[in-house]
Protein chains: 2
Amino acid sequence: MMTDTSLPSFFFKDLPSRQAITLKAALFLFTEKGFFKTSVHDVAAEAGVSIGFIYHHFKDKEGIARALYNCLLERINTLIDEVEMKHKKVNDRCYAVIKTLFVLTENEPQVMHFIIHARHKEFLPEEKSICSTSAFVRMRGFVFLGIENGEIRDMDPLVAAMIVYGGAIRMICLRLDDVIETPLPDMLDSLWENTWRGLDP
Amino acid sequence: MMTDTSLPSFFFKDLPSRQAITLKAALFLFTEKGFFKTSVHDVAAEAGVSIGFIYHHFKDKEGIARALYNCLLERINTLIDEVEMKHKKVNDRCYAVIKTLFVLTENEPQVMHFIIHARHKEFLPEEKSICSTSAFVRMRGFVFLGIENGEIRDMDPLVAAMIVYGGAIRMICLRLDDVIETPLPDMLDSLWENTWRGLDP
DNA sequence: GTCTATAGAGAGATAGAC
DNA sequence: GTCTATCTCTCTATAGAC
């Protein structure tokens, strides 16, 4: 059974098509069954390529996950770039980041699952923790800036960052686990209004 | 090398000692190396028991994780019981729950890691998601009650629950990943003061 | 109940043809 | 670059003695 090639094509558009298809299949299987319960044979079968193809291009099983991880993180970074360019006020930036993540959760749950929910340290021990990743560091940076320039009440910057994004990330996790049944964008304004009330100077 | 038997003894006190030691060793290895990179032989060696002992008492490898999971969740439930009995105001209850989790994170990081951070669905597919678990449902229940009786501003109850616990859970994750270097209890009051500001009617 | 020895299967990785 | 066939090893689980 071949993976639907129309799925997250945006995320792999820089890669040769068969490698992109391979990563799509890996994303599907890794989020569905988990990294350790997915064999390289499974990925090959799902993608419709050979074992040899995979080992030639990705070196080993971890290489597939690594390529996938970097690819998706880079795209997330691009999305944050856009938010940063488009919005200057800290309130607007944080809101836009969360909105972007919420929309992504609805449209590409597998991407979000792999990025936010998977325990990378187990199968990518040498990669940086997802929280130390450029995208997440920059997200926290928006909050730090807000405290410096007085847009956010004076408080421990790290605490502020947790308040800003904690609720949203929690909602994403619960949505991916089907605990929340409402599409996240529908809850965005309520979430943000009440979150910001705690930060408004 | 035997695991330090003094570690999370509180959590296993109902079990015969060698089974408790086995679970301790499993907790150590599962959080350190991950479930899939830990073999049953590893657990046996770490605990100083035989393979046969483990298969006799836990049935299979998943059985170890399942016993561990249920054991720890039950204890967490007991802690929530205590909070519920001791505090009646919603504000106090939520604060106390978070404090309990923060203290637990510092004192028993492995317990917290296994409970909150591990992707159980991958190795315990039939168990309920951690978020659907009794303890977490009850935690959300405290918030729902607060909205009903007016202690929390009128808003979507789920959103309120995410705001209440989202920041705290996020901090726990980052603390376990060594992104946060400050002991969590030191940040508790700052976190709670600013979180509650968003919920206070 | 507890242990050791071992069976049996599956998966990661490679060799070598094309 | 791509594929198939296969090698090798590790790990789960069990059989059977004590």
Side-chain angles (χ1 to χ4, degrees), chain A residues 1-3 5 12 14-69 118-127, chain B residues 1-3 5 12 14-69 118 120 122-127:
Chain A
M1 189 226 324
M2 301 269 292
T3 308
T5 54
F12 307 120
D14 291 343
L15 280 88
S17 67
R18 302 180 73 218
Q19 295 183 40
I21 291 172
T22 305
L23 290 186
K24 267 180 229 175
L27 176 62
F28 173 73
L29 292 167
F30 289 171
T31 53
E32 205 75 11
K33 315 194 324 178
F35 177 80
F36 291 101
K37 287 195 173 168
T38 301
S39 72
V40 180
H41 279 86
D42 293 338
V43 176
E46 181 75 27
V49 300
S50 70
I51 292 282
F53 177 86
I54 291 184
Y55 277 95
H56 181 78
H57 287 282
F58 299 102
K59 179 165 178 167
D60 58 12
K61 189 184 177 186
E62 277 191 13
I64 307 173
R66 196 167 17 243
L68 191 53
Y69 186 62
R119 292 305 311 135
H120 303 102
K121 227 173 41 179
E122 260 189 70
F123 58 87
L124 290 177
E126 78 290 353
E127 294 286 325
Chain B
M1 186 225 323
M2 300 270 290
T3 307
T5 52
F12 307 119
D14 291 343
L15 281 90
S17 68
R18 300 181 72 217
Q19 296 184 38
I21 290 172
T22 304
L23 290 184
K24 267 181 230 176
L27 176 62
F28 173 72
L29 291 167
F30 290 172
T31 53
E32 204 76 11
K33 315 195 323 178
F35 178 80
F36 293 101
K37 289 195 171 170
T38 300
S39 73
V40 180
H41 278 87
D42 293 337
V43 177
E46 181 75 26
V49 301
S50 70
I51 291 280
F53 177 86
I54 292 184
Y55 277 95
H56 181 79
H57 287 282
F58 299 103
K59 178 166 178 168
D60 58 12
K61 188 183 176 185
E62 277 191 12
I64 307 172
R66 194 166 18 247
L68 191 52
Y69 186 62
H120 304 101
E122 260 189 69
F123 58 86
L124 292 176
E126 78 289 355
E127 295 286 326

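Both backbone and side-chain heavy atoms feed into the values below; hydrogens, waters and symmetry mates do not. Every chain is numbered from 1, with letters handed out A, B, ... down the list of sequences.
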| query | Looking at residues at least two apart in the chain, or sitting in another chain, which of them share a side-chain contact (heavy atoms from CB on, under 4.5 Å) with B/S17? | reply | none

| note | For nucleotides 2-15 of chain C, 5' to 3', base contacts (B), sugar-phosphate-only contacts (S) and non-contacts (-) with protein non-hydrogen atoms under 4.0 Å give BBB------SSBB-

| Among all residues two or more places apart in sequence or in another chain, which pass the side-chain hydrogen bond (donor to acceptor under 3.5 Å, both in side chains) test with B/S50? | none

| said: According to ring pair (Phe, Tyr, Trp, His ring centres under 6.0 Å), who are the partners of A/F35, at least two apart in sequence or on a separate chain? | reply: A/F30, A/F123

| said: Once side-chain contact (heavy atoms from CB on, under 4.5 Å) is applied, do any residues pair with B/H56, and if so which ones, sequence neighbours excluded? | reply: none

| task | Taking side-chain contact (heavy atoms from CB on, under 4.5 Å) as the test, write out the residues that go with A/Q19, two or more places apart. | result | A/L15, A/P16, A/F53, A/H57, A/F58

| request: Could you tell me which residues satisfy side-chain contact (heavy atoms from CB on, under 4.5 Å) with A/E127, sequence neighbours excluded, listed by chain and number? | output: A/R66, A/Y69, A/N70, A/L124

Pull out every protein N or O sitting under 3.5 Å from an N or O of nucleotides 16-18 of chain D, one pair per line with the distance.
none

| request: Give every residue pair that meets the side chain to side chain donor-acceptor pair (under 3.5 Å) criterion with at least one member in residues 31-45 of chain B, sequence neighbours excluded. | output: B/K33-B/D42, B/S39-B/D42

